[in-house]
Student: 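Please see the structure below; I have some questions.
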Amino acid sequence: MKNAEIARIFQEMAEMLAFLGENPFRVRAYAQAARTLADLEAPIEAVAAQGTEALEALPAIGPDLAAKIQEYLHTGAIQAHARLAQQVPQGILEVLRVPGVGPKTAKLLWDRLGVNSLETLQAALASGRVRGLPGFGEKKRRHLLENLALAETAAQRRPLGAVLGQARALLEQVRAQPGVVQAEVCGSLRRYRETVGDLDFLIATEKPAEVLAALVRLPGIADVEAVGENRATVFLQGGLQVDFKTVPPAAWGSGLQYLTGSKAHSIKLRTLAQKQGLKLNEYGVWRGKARLAGEDEEGVYRALGLPWIPPPLREDSGEIEAAQGGRLPRLVTLQEIRGDLQVHSRWSDGKASLLELAQAAAKLGYEYLAVTDHSQSLKVAHGVPLDKVQARLKEIRQVNEQTGGKPYLLAGAEVEVLADGSLDYPEKVLRGLEVVLVAVHSHFHLSRAQQTKRILRALEHPAVHILAHPTARMLGVRKELEADWEKIFRRAQALGKALEIDGYYDRMDLPDTLARQAGGMGLLFSLSTDAHQLDHLRFMELAVGTAQRAWLGPQQILNTRSLAALLDWLRAVRG
DNA sequence: GCCGTTTTCGGCCCGACTGTTTTCAGTCG
């Protein structure tokens, strides 16, 4: 799958064109095309195979960029990109990562001082050679010098689950400030994107300046980048950027819409408003000077002739058209989840006992919990050896007796898919378990054909129910497996088996785009946390968020079913 | 470079903040 590679090339081209002072709309066209590629569910190769018309049907892809995509797929490079790279020194792209340095500043520094890397930028700033350049005063020099250190962390995106707790804690502090009427975390966090670049707080208040002045002094804030009448930008210790945006309480709804984005979704909404003779901004929906909406988000969408669109759908990936056509999906909610279908106990590499897990699940109101310890050959995770399998089953039964089956522990395992696709326990052992997950934890670099064959073989084993964290990717650590996912999804569908959406924060696997593709094919999903300790059970929120981004409703989620219905399904899969 | 119940050419979302400017350019979200 070349989507990410081509997206990166288009993004670089956008940055280089901006540096060269090209038409900003042309720059934006490349950046939008990059986003289209990055968000595309299907492999771009598959789209291209259907012909140039199919490529041009993608948003922000026209004849020129379609040809460049074809060129890359045929030759492995794009000549126009190479030509730009000859005109723009390599290090300019990293200089552009420094907050406060945009294309104009980078060009000026290159033309006048030969700045072509973070090192030469540092030298130019520290030596004071920048003084006298147009627009460069002492404040700006010091400001950029400070921001140099942020070039790496500021541009970096972090797993959603790694910042969610921090964001919620900060939200409590924001809400506690005098003068704050309402506050919410918006941005990609509210949309449940798998990674977030910053935290965006919306604050309704009558006294914005006072509130912002107090907020930028909260503990944990390392650096104040900017603070004005309506907005402030700070960096937390650790480098995470936080934006505080205030609106009057009467503009709460339009503020939520504005700050939640995505950018592409908002741009399309504003264009839609224009066509109706309206204007949409963070303060409301306007016809001339008359404000038609803004109090709440529902009203904002209603004024544009649309039903409210849930944040996880707001990516300009068909949701506005679906809303116009009355075809928005009814999304699954966290409240509908009746149990967790992958957790680990002390029998393998988990920290909690079976009883502790059952008690924690009871607190969450779950009806059931699948305990799925690793199988024997995953030594690093202390996979349960064959001679311990029966003892483990016995303890599961004991806990169920002790708790009266509330919640009911399902005896399960996360079974290794070996290199050839065979499974890590004999069939008799697998048949003795109520739920069997299969998962890849090794041999990540097989060829696409071999990997596909291996996964299909595992899936086809008659005792298997669920393919766990199918792509085996780890955010920021390991890429997705190379495999023919469409083929795997089709086979799973035919076999009546389920795919997992693993909400563990650095897995988030299936990823939203693949889950949406599989969902469109009618597949069934199992949501899980892959918990290895009690507080990991909270990651169900991330699994549900991912399912929502995949447009999935409760009927497609296995663990919205009652225990009886789930047990029926588990038995039926085995025929 | 893309796109079309405004347009196949001429548009392209809208506003805030900073530092420098004395009315604005650049950057950012």
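The sequence lines fix the lettering, A, B, ..., with proteins before strands; numbering per chain opens at 1.
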Student: What nucleotide among B:dT27, B:dT6, B:dT20 has an atom nearest to a side-chain atom of A:Thr105?
Tutor: B:dT27

Student: A:Asp243 has a side chain; which of B:dA16, B:dG29, B:dC12 sits nearest to it?
Tutor: B:dG29

Student: What's the gap between B:dC17 and B:dT22 when it is taken at their P atoms, as a whole Å value?
Tutor: 23 Å

Student: More than 12 non-hydrogen atoms from neighbouring residues, nucleotides or ligands closer than 6.0 Å to CD on A:Glu45, yes or no?
Tutor: yes

Student: Take atom P in B:dT18 and the same atom in B:dC13, then report the distance between them in whole Å.
Tutor: 25 Å

Student: For nucleotides B:dA16 and B:dT20, find the distance between their P atoms and express it as a whole number of Å.
Tutor: 22 Å

Student: Should B:dA16 form a Watson-Crick or G-U wobble pair with both distances under 3.5 Å, which nucleotide is its partner?
Tutor: B:dT27

Student: Nearest to the A:Gln241 side chain among B:dG29, B:dC14, B:dC2, which nucleotide is it?
Tutor: B:dG29

Student: Taking B:dG10 as the reference, what is the distance to B:dG19 when you measure between their C1' atoms (whole Å, please)?
Tutor: 34 Å

Student: Is there side-chain contact between A:Thr546 and A:Glu194, with at least one heavy-atom pair below 4.5 Å?
Tutor: no

Student: Looking only at side-chain atoms of A:Lys104, point me to the closest of B:dG26, B:dC14, B:dC2.
Tutor: B:dG26

Student: Which one, B:dT18, B:dG29, B:dC2, comes nearest to the side chain of A:Ala226?
Tutor: B:dT18

Student: Ignoring hydrogens and angles, are the base of B:dG29 and the side chain of A:Asp198 linked by a donor-acceptor pair under 3.5 Å?
Tutor: no

Student: Just how far, in rounded Å, is P of B:dC13 from CD of A:Gln276?
Tutor: 16 Å

Student: Nearest to the side chain of A:Pro103 - B:dC2, B:dG15, B:dT27?
Tutor: B:dT27

Student: Choosing from B:dC17, B:dA16, B:dC2, which nucleotide comes nearest the side chain of A:Lys245?
Tutor: B:dA16

Student: Could you tell me whether A:Glu138 and A:Arg142 have a side-chain N and a carboxylate O separated by less than 4.0 Å?
Tutor: yes

Student: Using a heavy-atom cut-off of under 4.0 Å over every strand shown, decide if A:Ile61 touches base, sugar-phosphate, or nothing.
Tutor: sugar-phosphate

Student: Count the heavy atoms belonging to other residues, nucleotides or ligands that lie under 6.0 Å from CD of A:Glu229, then report whether that count exceeds 12.
Tutor: no

Student: Provide the distance between the two P atoms, one in B:dC2 and one in B:dT6, to the nearest whole Å.
Tutor: 23 Å

Student: Using a 4.0 Å heavy-atom cut-off, does A:Pro99 contact any base of the nucleic acid, only the sugar-phosphate backbone, or nothing at all?
Tutor: sugar-phosphate

